[in-house]
Amino acid sequence: MFRVISNEEIAPQLNRMVIEVPRVARARKPGQFVMVRCSAGRERIPLTIADDDPKAGTITLIIQAVGTSTKEIVAVPAGGYLTDVAGPLGLPTEIERLGRIACVGGGAGTAVLFPLAKALAQAGNEVTTIIGGRSEQYVILLKELGAFSKQVFVTTEDGSSGEKGFVTLPLQRLLADPNQRPAAVYAVGPVPMMKAVSNLTRTFGVHTIVSLNPIMVDGTGMCGGCRVTVAGKIKFACVDGPEFDGHQVDFDELSARQTTYLELDDHGCRLDPQLAAMQKD
Amino acid sequence: MTALTPKERLAIDRVKMPEQDAKQRACNFTEVNLGLTQERAMEEAQRCIACKNKPCVDGCPVAVRIPEFITAVAAGNFEEAARILRVDNALPATTGRVCPQEVQCEGVCVRGKKGHPVAIGWLERFVADWAAEHMPKEHPPTTTTGFRVAVVGSGPGGLTTAGELARLGHKVHIFEALHDTGGVLRYGIPEFRLPKAVVDREVENLRTLGVVIECNVIVGRTLTVDELAVAFDAVFIANGAGLPMFLDVPGENFKGVYSANEYLTRVNLMGAGQDLKGGTPIARGETVVVFGGGNVAMDGVRTAKRLGAAHAICAYRRTRAEMPARSEEIAHAEEEGIEFHYLLAPLEILADAKGWVRAVRVQKMQLGEPDASGRRRPMPIAGSEFEMPCQIVVVALGTTANPLLTNATPALKLNKWQNIVVDAKQATAMAGVFAGGDIVRGGATVILAMGDGKVAAFGIDEYLKNKIPKHQA
Ligand SMILES: Cc1cc2nc3c(=O)[nH]c(=O)nc-3n(C[C@H](O)[C@H](O)[C@H](O)COP(=O)(O)OP(=O)(O)OC[C@H]3O[C@@H](n4cnc5c(N)ncnc54)[C@H](O)[C@@H]3O)c2cc1C
Ligand code: FES
């Protein structure tokens with residue numbers, strides 16, 4: 001049982017939770033995640049560790065409450081408990097000093113981006129941050145990222161904050177400007193956004209790292225449910241990733257696999273009208 | 001009771017295991033075999049002619065004193081039988097159910113030369129279940145050594161070592177990566193073959209012996225082996241096999257393709273298929289094709305049937321004779337209506353417009369010359385390709401070593417398959433660190449993992465003999 005120290009809603013359906021897990025707080029490096037099971041009989045889901053406080057023995061999780069499991073987790077109040085928290089899992093981000101770096105976060109992906117950007121800045125890189133969201137209230141961690149970024153750009157789809165449009169707009173400008181072009185780009189967010197960023201940086205030949213979020217079961221390499229195709233080969237995101245070279249990832253396959261359980265009814269049968277008709281006769 | 005003459009013994013037919021009706025059990029997860037009654041067990045035990053050479057003992061990977069325990073059963077002295085078993089085998093209720101007896105003890109039983117071997121596995125199971133019901137719980141030893149041993153993994157290897165070390169008076173702390181105990185016994189082998197109550201019983205017994213079990217600790221990540229080696233007087237690593245292999249054919253990542261590990265873990269560990277509201281889901285289909293011919297494939301295909309597949313198909317590259325699965329499982333599967341397609345290899349998995357599996361393209365095979373494993377090599381028959389419509393594909397091809405722990409522990413010596421190298425006492429290249437089970441052998445068996453665990457426990461005990469405990473209690 002792992003105690004919830006605090007739990008606050010920082011944006012609509014987005015909670016910041018501080019959990020007491022001393023060993024994970026001590027061992028954790030940027031880029032790693034924990035597997036969380038809210039209570040007995042529930043799913044195990046991966047959640048990126050956004051921050052840690054080894055002295056207090058705590059880690060911070062930023063959770064977008066969109067599915068049954070995440071909703072149950074954010075419903076646990078401060079002082080309550082999560083049944084299982086295991087980690088840190090995944091390979092840590094390779095933090096190198098490369099010079100200029102662009103960190104691009106979309107929606108709740110910004111929470112995953114935060115620890116990477118922070119570590120990259122601490123390693124002496126000049127970090128430019130681009131945060132995108134559907135509208136103003138989905139633009140998160142602006143202040144926190146601003147604390148160590150050289151500059152921060154904000155984009156929203158409805159123009160309610162920053163530039164109207166997608167994160168690729170400011171990124172395109174950076175890439176096109178030889179005086180601002182980053183040595184590497186880190187992108188974390190919805191799959192279509194990571195795909196768009198990778199396609200864009202490919203044309204400029206700028207190395208791009210993305211953090212993938214496939215469905216996981218154990219998080220330790222045992223099931224292969226988290227497999228993704230990178231450079232034509234099967235990789236297990238939980239042990240070989242979650243970060244990969246964005247120019248080598250098969251994003252369409254990842255998108256498709258992520259929808260697996262959204263397309264099933266309560267019995268696990270496909271919600272496919274054609275198939276249902278076939279099964280009737 | 002007067003002893004039977006050899007002739008009278010030979011006249012007894014092998015007992016039949018009472019089973020759940022095949023049609024009924026294909027729709028539920030409760031255990032197939034119902035167990036022998038005392039009378040049937042005693043009668044079966046009398047079939048043992050107590051031959052001089054005891055080939056069964058040599059056939060057993062851990063040399064259980066089989067004739068001795070069977071003689072005790074024949075005499076109705078179940079307590080004595082249980083004591084003999086307990087000394088030789090830490091998990092008899094488990095191995096009695098899952099050991100491949102037909103290639104071990106029963107495979108060499110003299111009675112099998114003409115007719116059927118003595119049902120050693122069923123008798124083992126009988127005695128273990130009887131003991132669990134009738135014998136008092138073990139007590140923790142009265143004297144303790146002050147030594148503390150860390151055990152990594154709570155599969156059969158880890159459980160066995162922990163038990164033996166606790167009985168020797170050492171304080172044992174098991175670290176388990178998952179949220180529950182038992183390793184493959186819990187997440188891999190289904191309830192209908194090994195009830196989880198049996199696993200719970202073994203784990204409970206360890207707790208009464210004073211063993212501490214901590215879940216959610218991934219050694220190599222949460223804590224390192226190096227840290228354990230400093231904090232504890234000795235370490236035993238039994239973190240199991242690991243990464244599932246895939247078919248290496250196009251289409252493997254379409255929706256509806258599972259590794260057997262994932263398929264079974266979802267159902268056995270996570271409870272998928274029972275209560276889907278908010279729990280772990282699993283995709284079902286009319287037709288499920290499982291590739292492979294081992295125990296894992298049998299467990300996968302029989303699980304698919306129980307999840308409601310109208311056609312649960314096992315597709316295997318060779319023939320029934322080469323299948324590595326326990327013969328009892330194959331027979332049970334056949335009775336349950338599992339469809340076996342032999343001499344068939346996958347070429348490609350095909351999907352519909354939404355990326356869901358719709359069929360698998362397969363090719364017929366014929367058996368050629370024996371390969372390195374001694375089994376005849378399957379050769380593709382040109383022009384024999386065809387499509388098998390299906391909605392779910394399960395891949396049961398085995399596993400490769402999980403590098404999570406070993407990568408974080410450079411001082412361990414590994415072989416070319418990335419398995420940990422150990423000596424005859426299961427000691428690794430790191431002082432005070434021992435290892436056993438699948439991480440040492442590659443995918444092996446419960447009994448071998450258990451055997452390793454026992455050897456390691458004595459190796460550790462010996463290693464600790466001339467040491468001083470790091471922490472004085
Ligand atoms: C579906 C299936 C069916 C099988 N059927 C049979 C059968 O009928 N008969 C038979 O004899 N054998 C069978 N086997 C094989 C048998 O189960 C294994 O050989 C045996 O379980 C190996 O035991 P082990 O203790 O080495 O490892 P495991 O049982 O694999 O246990 C390892 C444990 O360590 C944990 N672990 C892993 N990494 C770490 C880490 N870094 N830190 C902490 N803990 C960790 C795992 O979560 C697991 O609980 C089957 C296997 C499968 C998958
Ligand atoms: S989640 Fe199971 S292998 Fe990655």
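Worth knowing before you read on, the calculation uses all heavy atoms, side chains too, and leaves out hydrogens, waters and symmetry mates. Below, chain A is the first sequence line, B the second, and so on; all start at residue 1.
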Which of the residues A/Val239, A/Val228, A/Ile234 is involved in the greatest number of heavy-atom pairs with chain B at under 4.5 angstrom? A/Ile234
Can you tell which part of B/Leu243 gets under 4.5 Å to a heavy atom of chain A, answering side chain, backbone, both or neither? both
Honestly, the part of A/Val85 sitting under 4.5 Å from a heavy atom of chain B is backbone
Contact leader toward chain B among A/Gly225, A/Gly87, A/Ala27, where contacts are heavy-atom pairs under 4.5 Å: A/Gly87
Best-contacting candidate, A/Ala40, A/Cys38, A/Ala86, against chain B by heavy atom pairs under 4.5 angstrom: A/Ala86
Main chain of A/Gly221, side chain of B/Asn402: is a donor-acceptor contact present, judged purely on distance under 3.5 Å? no
Distance, nearest 0.5 Å, that separates OG1 of B/Thr280 from OH of A/Tyr261: 9.0 Å
Do any N or O atoms from the side chain of B/Ser259 and from the backbone of A/Gly224 form a donor-acceptor pair under 3.5 angstrom? no
Would you call B/Glu252-A/Arg227 a salt bridge at under 4.0 Å N-O? no
Is it the side chain or the backbone of B/Leu178 that comes within 4.5 Å of chain A heavy atoms, both, or neither? both
Against chain A, label B/Val395 side chain, backbone, both or neither, depending on which of its atoms sit under 4.5 Å from a heavy atom there. neither
Tightest non-hydrogen contact, residues B/Asn216 and A/Phe2, listed as ND2-CE1, 3.8 Å
Applying side-chain contact (heavy atoms from CB on, under 4.5 Å), run through B/His179 and A/Thr83 and close with a yes or a no. CA-CA 9 Å; B/His179 60 260; A/Thr83 301; over 6 Å; no
Residue B/Lys196 excluded, over 12 heavy atoms near NZ under 6.0 Å: yes
Determine the option with the most heavy-atom pairs under 4.5 angstrom with chain B, choosing from A/Arg44, A/Arg28, A/Lys71. A/Arg44
Heavy-atom proximity to chain A below 4.5 Å, by part of B/Glu176: neither
Apply side-chain contact (heavy atoms from CB on, under 4.5 Å) to the pair B/Tyr187 and A/Asp218, showing each step before the final yes or no. CA-CA 11 Å; B/Tyr187 75 71; A/Asp218 58 303; over 6 Å; no
At a heavy-atom separation under 4.5 Å, does B/Thr222 approach chain A through its side chain, its backbone, both, or neither? both
Stepwise, does the side-chain contact (heavy atoms from CB on, under 4.5 Å) test hold for B/Phe254 with A/Glu253? CA-CA 8 Å; B/Phe254 284 135; A/Glu253 178 187 279; over 6 Å; no
Interface moiety of A/Leu254 toward chain B, non-hydrogen atoms closer than 4.5 Å: neither
On a heavy-atom basis, the closest approach of B/Trp356 and A/Leu264 is CH2-CD2, 3.7 Å
Identify whether the distance between the nearest side-chain nitrogen and carboxylate oxygen of A/Arg23 and B/Glu214 falls below 4.0 Å. yes
Please state whether the side chain, the backbone, both or neither of A/Arg26 comes within less than 4.5 Å of a heavy atom of chain B. side chain
Option in A/Thr220, A/Val24, A/Asp250, A/Ile45 with maximal non-hydrogen atom pairs under 4.5 Å from chain B: A/Thr220
Side-chain contact, heavy-atom cut-off 4.5 Å: B/Arg266 with A/Cys223? no
In Å, rounded to the nearest 0.5 Å, how long is the span from CG of A/Leu91 to CZ of B/Arg221? 6.0 Å
Name the region of B/Arg358, side chain, backbone, both or neither, that has any atom closer than 4.5 Å to a heavy atom of chain A. neither
Flag for A/Arg257-B/Asn253: side-chain donor and acceptor within less than 3.5 Å: no
Could you tell me which of B/Val217, B/Leu264, B/Val257 has the largest number of non-hydrogen atom pairs under 4.5 Å with chain A? B/Val257
With respect to chain B, which residue among A/Gly219, A/Pro88, A/Gly67 yields the maximal number of heavy-atom pairs within a distance under 4.5 Å? A/Pro88
Neighbours of chain B found in residues 46-64 of chain A - heavy atoms under 4.5 Å: none
To the nearest 0.5 Å, tell me how far A/Ile215 CD1 sits from B/Lys255 NZ. 9.5 Å
